[in-house]
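Keep in mind that the numbers below use all heavy atoms, side chains included, and drop hydrogens, waters and symmetry copies. One is the number of the first residue; the rest follow in order along the sequence. We count ligands from 1, going down the list as the structure has it; atoms in each ligand are counted the same way.
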Amino acid sequence: MINSSLKQLAAALAAKKVSAVELATLFLDRIEKFNPALNAFITTDHGKTLAQARMADETLGKVGAGDAAISPLCGIPLAHKDIFCTKGWRTTCGSKMLANFVSPYDAHVVEQLASAGMVTLGKLNMDEFAMGSSNETSYFGPVKNPWDVSCVPGGSSGGSAAAIAARLTPAATGTDTGGSIRQPAALCGLTGLKPTYGAVSRYGMIAFASSLDQGGPMAKSAEDCALLLNAMAGFDPRDSTSLERPREDYSRDLAKPLAGLKIGLPKEFFGDGMDADVRTAVDAALAEYRKLGAVTVEVSLPNSGLSVPAYYVIAPAEASSNLSRFDGVRYGYRAPEYADLAEMYSRSRAQGFGAEVKRRILIGTYVLSHGYYDAYYLQAQKIRRLIAADFVAAFRQCDVIMGPTSPSVAFAFGAKSADPVQMYLADIYTISTNLAGLPGMSLPCGFGNNAMPVGLQIIGNWFGEAKMLNVAHQYQQATDWHAQMPAIAPAAPAK
Ligand code: GLN
């Protein structure tokens, strides 16, 4: 059961081989057993989970097995990154600031998945306010990588990645502002997808950098991600950047053969920055794609070298504005002692935010200030435009772009945390996608140094999710990297 795909779980539920309550219980037991070593979950609530599971069983019982009126996700458990507001559950965003915040409403994504009948197992650890690439900035302590607990799981959706890798949940939500779905998916041997900007509503998703943030699915396979995205995506008038487009079935092209597919390989992604072990695995994946009938062409993204500096102006600028709401009055932590209003603000923010978040607020405030706006923020916005134009040109020559997701496999705790620039470079291959608003995904393509997973990145054209999922699924039909699981989660006896 714990290794089953969502489709297999749906079939087992429909055939009454297992109930939603039994499935939820199976995963809750695993969470109790393995989470203490991993710290992937911040919050669980068995009562709430089982109540949702009972409701799913009722729905499944009322309508006949395989009834088209019910979602194929009904009764399947999942867990949410703790950036998504969940009514009645704590939503911490990995922060002290919101350590006790209970949301009065559900995020759009949470609402959509719940109305499909999915059962919430709990809330997943993450870097504080989604700022980080290693999960070391969480107020609730770092998450461990199930493949090697001395290594980071990636970030900021590290809890989501670790929980799926250890089979504590079949699937999870994540968010990706500069790589936070794809990079942890790569470092933990999973499949994760960041949709086109605007495809998934940001309503109820705690804002980091609003023009870059996008929620998406994380799971074991592309097929699972397609099913989840079907439920997550869709127009929502409560998010002003939500795209009003007809609903899509993201699974529709999974089975298409890849003969004639044109894969663009940006020469800037295959230079010095990539570790040799990652290179070997990515090259082998490309060889597999050629066997499947695809052809590879060299393309160029000449401004991609500017993506990290542009991102670290734009993202902090937006973060400094978004995080101004945490003032000790309207939300979150308030300092216990202060002399006057100004001191209440400053002490609440000084005590409530961690070091990385403060660094971003300071950078953001600086680049938006009167004397520096033109020199930094405006320049970064111009670079952003150039980066998007590079992709437009590249997609004239190819259907999808491929390269590494991360320059290295998972690194040890502490390896980069003392040097923010080193940490920022962990996202060198993922950030340009966010700046351009393009969809991207990561899928496992082998193992590198210390037998740690390597991720292959696929970047699609705008609204190219179904194509990317097709390209990923065909590879996963021909290989079994995505089916590997770490030893920390020994296979439970089949139910
Ligand atoms: N690691 C990047 C950062 O720290 C991206 C984070 C994200 O995508 N949320 O900003």
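Those atoms of ligand 1 that come under 4.0 Å of a heavy atom in Tyr311, given as number and element, are 2 (C), 3 (C), 5 (C), 6 (C), 10 (O). Within the listing of ligand 1, atoms 4 (O) sit less than 4.0 angstrom from a heavy atom of Met131. Near Ala130, with a cut-off below 4.0 Å to any heavy atom, the atoms of ligand 1 are 6 (C), 7 (C), 9 (N).
For Thr177, heavy-atom contacts with ligand 1 shorter than 4.0 Å involve the backbone as well as the side chain. Counting heavy atoms under 4.0 Å from ligand 1, residue Phe208 touches it through the side chain alone.
Residue-to-ligand polar distances place Gly179 within reach of ligand 1: an N/O pair is separated by less than 3.5 Å. Residue Arg360 has at least one N or O atom closer than 3.5 Å to an N or O atom of ligand 1.
The shell of residues lying under 4.0 angstrom from ligand 1, judged by heavy atoms, excludes Gln183. The closest approach between a heavy atom of Ser156 and any atom of ligand 1 is below 4.0 Å. Within the structure, ligand 1 has Tyr312 among the residues with a heavy atom less than 4.0 angstrom away.
Between Asp213 and Thr175, the side chains place no donor N or O within less than 3.5 Å of an acceptor N or O (distance only, hydrogens not considered). In the model, Arg360 has no side-chain atom that pairs as donor or acceptor with a side-chain atom of Ser320 under 3.5 Å. No side-chain N or O of Ser103 forms a donor-acceptor pair with one of Lys87 less than 3.5 Å apart. Ser417 and Gln422 are not linked by any side-chain donor-acceptor pair at a separation below 3.5 angstrom, with hydrogens and angles left out of the test.
A salt bridge links Arg330 and Asp327; the closest N-O separation between the charged side-chain nitrogens and carboxylate oxygens is under 4.0 Å. Under a 4.0 Å N-O distance rule, the pair Asp82/Lys123 qualifies as a salt bridge.
The main-chain N or O of Gly414 is found under 3.5 Å from a side-chain atom of Glu136 such that the two form a donor-acceptor pair.
Ser156 OG to Ile83 CD1: the interatomic distance, rounded to the nearest 0.5 Å, is 6.0 Å.
With respect to atom 2 (C) of ligand 1, the closest heavy atom belonging to the protein is Asp427 OD2, 3.0 Å.
The heavy atom nearest to atom 7 (C) of ligand 1, considering only Ser180, Ala209, Ala315, is found in Ser180.
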